[in-house]
4 protein chains.
Amino acid sequence: MTSAPTRDPADAAKRARAEHRSTQLLEAAARLMERDGSHAVSMQAVAAEAGVSVGLIYRYFGGKDDLLLAVIVGVLDSFATQVPAAVEAAGEDPVHRLAAAFRSFCEVIDERRHAAVLTYRETKSLDEAGRARIMELEVQTSEPLRQALRDGVDAGLFDAPDIDLAAYDLLLLAHAWALKHWYFERSQSLDTYVQRQLALILKAILVPGQRKAYAELLAH
Amino acid sequence: MTSAPTRDPADAAKRARAEHRSTQLLEAAARLMERDGSHAVSMQAVAAEAGVSVGLIYRYFGGKDDLLLAVIVGVLDSFATQVPAAVEAAGEDPVHRLAAAFRSFCEVIDERRHAAVLTYRETKSLDEAGRARIMELEVQTSEPLRQALRDGVDAGLFDAPDIDLAAYDLLLLAHAWALKHWYFERSQSLDTYVQRQLALILKAILVPGQRKAYAELLAH
Amino acid sequence: MTSAPTRDPADAAKRARAEHRSTQLLEAAARLMERDGSHAVSMQAVAAEAGVSVGLIYRYFGGKDDLLLAVIVGVLDSFATQVPAAVEAAGEDPVHRLAAAFRSFCEVIDERRHAAVLTYRETKSLDEAGRARIMELEVQTSEPLRQALRDGVDAGLFDAPDIDLAAYDLLLLAHAWALKHWYFERSQSLDTYVQRQLALILKAILVPGQRKAYAELLAH
Amino acid sequence: MTSAPTRDPADAAKRARAEHRSTQLLEAAARLMERDGSHAVSMQAVAAEAGVSVGLIYRYFGGKDDLLLAVIVGVLDSFATQVPAAVEAAGEDPVHRLAAAFRSFCEVIDERRHAAVLTYRETKSLDEAGRARIMELEVQTSEPLRQALRDGVDAGLFDAPDIDLAAYDLLLLAHAWALKHWYFERSQSLDTYVQRQLALILKAILVPGQRKAYAELLAH
DNA sequence: CATGAATGAGCTTTCATTCAT
DNA sequence: CATGAATGAAAGCTCATTCAT
């Protein structure tokens, strides 16, 4: 904003340091907020966790709200980055791509279960603009699922009258692994969870003639 | 201590007034907490909303935590009361009972959309005992769905390898109408939502031979 | 004040009941205040302890300050009543009367150790008038000691240049059994305490020629 | 963590400022608590008296209890520092050392009469650990008296069968100048008080053969 | 007489934010 | 850039006192 993005090496170094600081603060904040909830985390506590002074946080973030927003955005961003890669690795087949997307989603969420819950718990504390940002990001996040569904329908593999609904259902079921982990962990591992949810949804949307071809995904 | 509690009319009147006060406070608290989140609601604000003094709240509830727990329990209780009635009215057929249970769930949630979100947002603020209570209530809440699924499997109508999973999925999709209302309201009404989600799940669990018999539920 | 002290039996009964109530409240208050300190005791707690309603306390006492004053006065009164009786039973000899007075004081205090400490702890909470009342009562309380000392001096048994000082010292040493009980209880029983303190003071005030006559009181 | 704490001049300056703040707060709190009793003093009042904000008190003290404990400990510490110095200045003779110790005690107490009463009034408000700390300090405080008595006994000057008792009696009589000041101030100055109490106790414990040698201390 | 629901001022404590260094 | 001492508004909660019943 203030200076042109020059090739000044000092400038680059400065930016790198700033980036590093920002990450450091964000990680500290995320760690605490996931564990205790944003309201129970003080700026003093974030500073202590990050090993810096309180004042420094205000050089990088506008305030507590801003920090919370950045934490949530960071979480969603990391989700949005990891899933597409897994989809690409799954080949061309839409069914396998859908399966890969869902599995990847669940795995990413499993890795940061508390972070996933954070988005549900804390979004209310944001202002209207922040909430809008989060919603938009969430929709983006579900895009790989939606795309795979669209491809499957186009290829005559899926009979899904409402693609958006099905995509969001899958997103929700992935979130549910975090949201209702206390319930599901009683009876199943992540792997079983993914397999069974996939089987359920595929039975619902695979055109009958394709069931045999994807039998291994429908098995339970 | 002094007399049989059920016979003394003055005692009964007192209990009735206390009950009324309790409800009044609970409703005021629920109203504010649903709107702003429990952390953003002060006891002063609850008192003002209920038209009483702060001190009075502490005659009826142990403190803010206790009040929040009571609000959430109240919400879940009202869910647990309304759904079974709808199921009974749906007749004997497990498929129709399942459909009625899900529809009723969604309707109840639609009526108190913000209250439904409370569970997701605020449970973290409770102590361990409170959280356990909420979880137990939520599982109870899903019992009508689970029962209908069990009956359907026993009657040879459903092919659902994991009944608990399917029941919880339905519970989640009902909750989703509140959780993701900002998304779904773009494209559909409650009625369409219920119909489409039901169609999706039924396609997944109905044994192939029964599809024709329940065509109207699978239509979209 | 308002009605002449008639012989109306209904009036007498009323007074008796009032007296009883007052004692009941005072005892409840004393019990709690001695244990927890007057600031930590609420009127609600006193009411509960006495088994009556809060409102009733205000029929018998002007408020919390008044109640506290009454409690302390009650304690001092009970001290002031019990000691003189013990002195009378000790015969005519001033030395034995002094010994009896001190011993009695210590015994009375031992019975209500916490009550004795109360006067030191809580007098500050009283208003000026209350404090003056307490001080006056305390001086009255020490009168038996002072009188015995005077008699002893008149009889040529004591060489005590400042009778008031000696009397107050004895009073203080009796109080000390309560005030510093945590210290004295390590090394001695009440009986030893009384004996040793008496021996100490008597050695200080007995005229040398009388030492042999009271050897048993000076022994240790 | 970052550097040797004793070498960094900035660190030293910081510590000095912190020390100053701490003293400032302690003095303000002591002033108010001595006057009104700790319960009647609010943290707001302490802050106002010290000319700082409420929040700052909590940087230096854990809370109100901690502050009260610090105030009392401060008082006892100042007693424990001043008395031994006076004893040293009194020479080698145990009788004179005892007299100096008692006199010094009374003088120190006279200077901070209200502070001395604090221990009796407010110790109840402390937790178990705090009370234990105070008791230990009080016993330490009386050590100079006890030592002089021991020395006197060893030198054949005193006939004191229970040294601990005599030492604590002297401590109590010093405290009494504060506790019962309203009584003693009627008839005597601090100097007379000290002289008379000393004469009394010395008559009680000096072996008869030494009375002439210390006649000036026994005079009245 | 007796009750106890109701009040609300006032308490202790926390913490987002600022700013002199 | 970075610090952290200082602020003070606002929170949850208590309890002496009142008064309609």
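Numbered from 1 within each chain, the chains take letters A, B, ... in sequence-line order. Heavy-atom basis, side chains included; hydrogens, waters and symmetry copies ignored. Keep in mind the model is a prediction, meaning the values are calculated, not measured.
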Taking CD1 from I57(A) and P from dC1(F), how many angstroms apart are they, rounded to a whole number? 16 Å
Atom pair NZ (K124(C)) and CG (D36(D)), whose distance is rounded to the nearest 0.5 Å: 7.0 Å
CG of L76(A) to CE of M135(A): how many Å apart, nearest 0.5 Å? 12.0 Å
As a test of reading the structure: which of dA2(E), dC15(E), dC13(F) is closest to the side chain of L56(C), going by heavy atoms? dA2(E)
Let me check something: any side-chain donor-acceptor pairs from residues 47-54 of chain D under 3.5 Å, sequence neighbours excluded? List them with distances.
unit_1, atom_1, unit_2, atom_2, d
E49(D), OE2, R31(D), NE, 2.7
E49(D), OE2, R31(D), NH2, 3.3

Could you tell me how far apart H39(D) (NE2) and dG10(E) (C1') are, to the nearest whole angstrom? 16 Å
Among dA16(F), dG4(F), dA2(F), the one nearest R59(A) by side-chain distance: dA2(F)
Nucleotide dT18(F), atom C1' - distance to NZ of K64(C) in whole Å: 17 Å
Residue pair V41(A)/R21(C) against DNA chain E: nearer the 5' end by closest nucleotide is R21(C)
Using atom CZ of R15(C) as one end and atom C1' of dC1(E) as the other, report the distance to the nearest whole Å. 17 Å
Taking atom CG of L69(A) and atom CD of E122(A), what is their separation to the nearest 0.5 Å? 12.5 Å
So if I take every side-chain heavy atom of S42(B) and compare against dG12(F), dT17(F), dT13(E), which nucleotide ends up nearest? dG12(F)
Expressed as a whole number of angstroms, how long is the span from L68(B):CG to dA11(F):P? 17 Å
Spacing of Y60(D) atom OH relative to dT13(E) atom C1', expressed in whole Å: 18 Å
Separation of dA16(E) P from D66(A) CG (nearest whole Å): 14 Å
Look at S53(A) and dT3(F) and indicate whether a side-chain polar atom (N or O) is within less than 4.0 Å of OP1 or OP2. yes
Using the criterion of both pairing distances under 3.5 Å for Watson-Crick and G-U wobble pairs, give all stems of 3 or more consecutive pairs involving DNA chain E. E:2-21 with F:2-21
Between H39(B) and S125(A), is there a side-chain donor-acceptor contact under 3.5 Å, judged purely by atom types and distance? no
What nucleic acid atoms does F61(A) come within less than 4.0 Å of, heavy atoms only: base, sugar-phosphate, or nothing? nothing
If you draw a 6.0 Å radius around CZ in R133(B), do more than 12 non-hydrogen atoms from other residues or ligands fall strictly inside? no
5'-most by nearest nucleotide on DNA chain F - G55(D) or V54(B): G55(D)
Closest-nucleotide mapping onto DNA chain F: is G51(A) or S38(B) further toward the 5' terminus? I mean the 5' end. G51(A)
Please confirm whether the shortest side-chain N or O distance from Q44(A) to OP1 or OP2 of dG4(F) is below 4.0 Å. no
Does this structure show an ion pair linking E34(A) with R112(A), if we count only N-O contacts that are shorter than 4.0 Å? yes
If you take all heavy atoms of G63(A) and Y58(A), which pair is closest and at what distance? CA-CE2, 3.9 Å
Among the nucleotides dT12(E), dT17(F), dA2(F), whichever has the atom closest to the side chain of Y58(D) is dT12(E)
Can you tell me how far C1' of dA6(E) sits from CE of M43(C), to the nearest Å? 17 Å
